[in-house]
Amino acid sequence: MFANRFVEVILITAVISIAGGETNFVNKDTKLRGFFEPQWFKDNIPFVEVPDKEIEDVYYYRWSSLKRHLRYTVPGAGYIITEFVHRVGYSQKFDTINAAAGHHIYEARWLRNTRYVQDYINFWSREGGAAQQYSEWIADAAYKSFLLNGDVDFIKSQQLGLVNNYNGWNDRFDPTLGLYFISPHDDAMEMSASSVQTDDPYHGGLGYRPSFNSEMYANAVAIFQIATLNGDYVTAGEFRQRADALREAILNFLWDDDRKFFYHMFRHNNPSNQLLDTREEIGFFPWRFMVPEERNRKYDEAWQELFDSQGFDSLYGPTTCEMRSQWYDGNQTSQCCWWNGNSWPYSTGHTLNSLASQIRSYASTAYAKVENFVQLLHKYADTQ
């Protein structure tokens, strides 16, 4: 799945501006040896040089991957980013799939030519993209793009479309619990531990998931911030309130104080709101979007699972299901896209950013510190 966020988690700029000119510390031609259209990369990407060869190689590979997925559509719509190089049957308008759009925007926002990312954001907010095909964090990614390029007029112009996208999920909201519900399949994670325990192992039944709800929290925060820029304090207040209430519901219903983790919760035939019997990698996603309470250290304990050999710690990055679970299966034997064991770059990207968030915004712990992050990032490079 094209959605790796590898660029985002290691990016440091290696070209600085001095007295109106550039001082280049990196030999660009060496880094681009063998690349098609090297001038495009010179014009657009930040160049880096790092001591870990695997990480550096994959860094440039990721940019070549993004370039391969850029598509110019039609005048007025401009550029989009595809998930697959070749068209797949379930893609939507212009061969787009919204599942990884947040990842795409986070990566493309670093391109010097801002048209690529802004056209793509416009597509999701204005051009009729299927924004509810899968779970998404497009508003969050769009606002984070603005924080990098500073184009305030552009991000202000996105408010109505992003609000409409958010409200497009209203039929998936349970006002009783204050949570959004979705199937594992529509959360882009079919054949997961939370799917195989249902009558439909491929799609899974509807449930309240820490992944989707955290993304919706982040989208609500982003809309609050954009509306504030617009001076629309009515909309800002509404989405601040929606974000706060959703965060509280995630913490109240999806965190298990005994097992120290965020879990999927089945929507049907679950009158006591029991949480899943298995930790899934989506339990790390809330940190990426700043859902756990900053001053409450009880959430820190979840990170020991990431580096536990019976938890998620495998040779090629975190598994999508803890290995001690009866539902764990690291061997895909049929069909496509099993999420009950196999490591997926889509989820690893989320987890790396969640771990970075824990270290930067919460606290370093015995299991969440810079050394652990570098270790996991190197595994991720090896996976690539």
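All values derive from a computational prediction rather than experimental measurement. The figures that follow rest on heavy atoms only: side chains count, while hydrogens, waters and symmetry mates do not.
The CD1 atom of Ile80 sits 13.5 Å away from the CG atom of Asn122 when rounded to the nearest 0.5 Å. Separating the NE2 atom in His69 from the OG1 atom in Thr82 is a distance of 5.0 Å, to the nearest 0.5 Å. If you take CD1 on Ile121 and NE2 on His104, they are separated by 13.0 Å, rounding to the nearest 0.5 Å. For the atom pair Arg360 CZ and Phe373 CZ, the distance stands at 8.0 Å (nearest 0.5 Å). Separating the OH atom in Tyr120 from the CD1 atom in Ile105 is a distance of 6.0 Å, to the nearest 0.5 Å. Here CD of Glu136 is found 8.5 Å from CH2 of Trp124. Values are rounded to the nearest 0.5 Å.
Side-chain atoms of Asp277 and Gln197 form a donor-acceptor pair, as typed in the model, at a separation below 3.5 Å. Inspection of the Asp313 and Ser309 side chains reveals no N or O donor paired with an N or O acceptor under 3.5 Å.
Using a 4.5 Å heavy-atom cutoff, the side chains of Trp287 and Thr351 are not in contact.
Around CD of Gln375, the count of heavy atoms belonging to other residues, nucleotides or ligands within 6.0 Å exceeds 12.
At a threshold of 4.0 Å, the pair Arg324-Glu322 counts as salt-bridged, since one of the basic side-chain nitrogens sits closer than that to a carboxylate oxygen.
Judged by the 6.0 Å and 45° rule, Arg267 forms a cation-pi pair with Phe181.
No chain of hydrophobic side-chain contacts below 4.5 Å, direct or via other Ile, Leu, Val, Met, Phe, Trp or Tyr residues, connects Tyr61 to Phe36.
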